[in-house]
Amino acid sequence: MVCRRYTNKAAEPWPENATLYQPLKEDQILLSDCASSLAVQAYLRMCGLPVQVFCRANAEYMSPSGKIPFIHVGNQVVSELGPIVQFTKAKGHSLSDGLDDVQRAEMKAYMELVNNMLLTAELYIQWCDDSTATEISRPRYSSPYSWPLNKILAYQKQWEVRRKMNAIGWGGKTLEQVYEDVSQCCQALSQRLGTQSYFFNKQPTELDALVFGHLFTILTTRLTSTELAERVKSYSNLLSFCRRIEQTYFEDKSS
Amino acid sequence: LYLSSVQSLDPLPMHGRDLDVHPEDFMETPDQGQDSKQEILENKDVVVQHVNIQGLGRTKEDLLGYEISDVFHAKNLIDVMKRAHVARQRLLRLGIFKDVEVLIDTSEGTDALPNGLDVTFEVTEVKRLTGSYNTMVGNNEGSMVLGLKLPNMLGRAEKLTFQFSYGTKETSYGLSFFKPQPGHFELSMETECQSNICVSLQFPLGVTNHTLKWEGVWRELGCLARSASFAVREESGHSLKSALSHTVSVDSRNSAIFPSRGALLRINQELAGYTGGDASFLKEDFELQLNRRLFWDSVLSASLWGGMLYPIGGQASCIADRFYLGGPTSVRGFGMYSIGPQSEGDYLGGEAYWAGGLHLYTPLPFRPGKGGFGDLFRTHFFLNAGNLCNLSYGDGPRAHLQKLAECIRWSYGAGIVLRLGNIARLELNYCVPMGVQSGDRICDGVQFGAGIRFL
């Protein structure tokens with residue numbers, strides 16, 4: 001008789017050699033991807049899970065869903081913040097265990113707000129605004145490739161994002177309207193945060209990681225105009241929130 | 001990931017770089033009987049005064065002058081017949097005539113000599129636009145090909161072809177342009193699926209045939225399964241290969257599929273990266289085949305393949321450029337491309353390889369269908385061996401050779417081979433793989449293979 005043992009891979013402990021992949025930091029990565037990657041890194045640091053960041057030119061194509069960042073843990077590859085939160089929960093690490101059902105629903109709603117407003121605004125500004133697309137997005141996106149592949153890939157990506165913007169109804173918006181949407185989103189977040197340290201109680205949750213990822217990246221990324229950063233800066237409690245998280249979770253190691 | 005290249009089948013019998021066909025295959029052996037009559041004909045001195053080509057429509061005359069020029073050098077009647085026959089083959093080989101008939105007559109007219117001859121070629125040009133439907137066999141894949149061809153487009157045997165191919169492994173379409181140059185040069189340009197462009201020049205030099213080619217390929221690699229190993233996942237993405245290559249081949253075999261004598265030597269070099277693109281490497285590979293007839297119509301055939309890939313500029317080699325080994329068309333008894341470095345069941349290929357085979361081909365036992373269908377089959381006994389590995393270049397050439405000599409995979413067996421046209425063959429073999437290393441996937445027992453190029 002033979003005894004076969006099956007291991008529950010999801011329940012294995014977090015290994016030391018977990019890695020996170022994103023595009024090249026200096027020359028390639030764009031605002032939206034940088035924000036998403038920073039959100040995941042912040043979340044993992046908040047959970048106390050060590051992860052090493054690797055930069056690869058083909059990170060977007062390596063990812064199983066086509067979106068970055070993705071993490072390689074043991075034998076498994078998981079991409080985007082939502083699935084990564086589920087993945088860590090299965091391993092017994094969670095930041096939102098202390099929340100009751102009402103708070104959890106509220107947290108999900110605010111995360112949806114950030115994804116639908118902030119992330120979409122970032123994509124719009126990157127790819128639908130002609131000056132940003134020409135001066136920043138297309139050159140950076142295509143920097144690892146040689147001619148004529150760089151031109152083809154950059155225009156292909158731009159066309160794809162513009163098509164998606166049209167599909168969700170953002171195609172007709174002007175840049176001013178997009179900045180207004182960003183302001184409204186920041187106002188909602190600022191009101192919810194109030195004078196607290198984090199959005200819920202005294203402990204950070206995945207919502208804090210997500211908001212930090214986006215706001216910090218907007219504040220520290222140079223675009224063709226400073227309008228976007230200015231809109232965020234007008235909410236002082238959001239500024240101090242970002243500074244606090246940076247000091248608590250990122251300053252002891254180089255980020 | 002797919003990694004095989006598919007050759008094209010042309011409905012007209014043609015000597016082309018893809019087909020490994022020799023014009024001698026189409027020559028009928030001259031009549032051997034009646035020596036006395038032959039002597040009389042040979043002794044009579046003749047001069048070919050005129051060569052006429054009748055039936056030309058859009059074909060330009062200067063194109064044909066080279067092909068028929070040899071006929072003027074004939075000294076006697078038998079010689080005229082032989083040279084006219086060769087000229088006819090060359091005219092047919094251009095692919096612009098449906099039919100060529102030869103007429104040899106005494107010269108007439110005011111300047112006719114008493115021993116003067118006129119040779120007339122009556123040709124029928126092909127239509128301006130032809131369609132074709134073929135089935136194609138590549139290495140373990142098959143496809144249907146629909147083609148649209150404009151032969152002799154501008155009058156100088158230029159050929160423009162559009163092909164659409166629907167196959168077991170991939171669907172593709174392509175456009176190709178082909179132009180023979182005077183003096184046996186051939187220039188061709190091909191594009192495929194908006195991702196592949198190739199321009200090549202082919203010419204003979206003495207007994208060798210050379211091909212110079214520039215190729216631009218846009219490669220997109222992706223994982224087909226979620227469970228693909230991380231080593232394969234790391235290779236995903238786009239890359240551009242712009243490569244110059246040179247191939248020299250010497251082929252003295254009497255047939256491409258079941259040669260009974262002769263040898264083939266083909267050496268290929270490819271340099272990528274110096275004409276643009278992301279991929280940067282130097283790749284060398286060679287193919288050698290020797291054939292010898294033994295007792296009782298059996299043929300002993302020995303073949304040797306090898307290759308090496310040197311990445312240039314410090315970057316690692318790409319999975320799409322490496323060599324793969326194993327399968328019914330290379331080392332039999334092993335799964336397709338299933339020898340060598342692998343990660344979690346996915347084979348990554350190697351930067352150096354060698355493979356050798358020793359075969360004994362005999363006609364089918366008791367020779368059923370002799371002279372007809374039975375001649376398409378052979379029984380075959382084989383011994384195959386090979387090795388594939390990566391190289392760490394700091395170690396020097398001796399370490400590389402040593403690595404290739406360790407852990408050799410080999411196999412032996414027997415089976416039946418069927419010839420398809422003059423291009424491809426099918427094999428059904430019983431294989432016994434040996435020297436299997438951990439990680440290799442074997443196919444012991446019955447293995448079926450279809451393809452063009454077999455070890």
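It should be emphasised that the depicted structure is a prediction, and the values quoted were computed from it without experimental measurement.
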Margin query: Is P148(A) close to chain B through its backbone or its side chain, or both, or neither, when contacts mean heavy atoms under 4.5 Å?
Written below: both

Check: Sub-3.5 Å donor-acceptor pair from the side chain of R138(A) to the main-chain atoms of A154(A), do we have one?
Finding: no

Next item on the list: Scan T205(A), V211(A), L210(A) and name whichever one has a side chain to side chain contact (heavy atoms under 4.5 Å, CB included) with M111(A).
Entry: L210(A)

Next item on the list: Please state whether the side chain, the backbone, both or neither of S229(B) comes within less than 4.5 Å of a heavy atom of chain A.
Entry: neither

Notebook entry, point to check: Looking at R140(A) and E26(A), does any basic side-chain N land under 4.0 Å from a carboxylate oxygen?
Noted result: no

Notebook entry, point to check: Side chain, backbone, both or neither: which part of F54(A) has a heavy atom under 4.5 Å from chain B?
Noted result: neither

Checklist line | Pairing of K179(B) and E158(B) as salt bridge, 4.0 angstrom limit | finding: yes

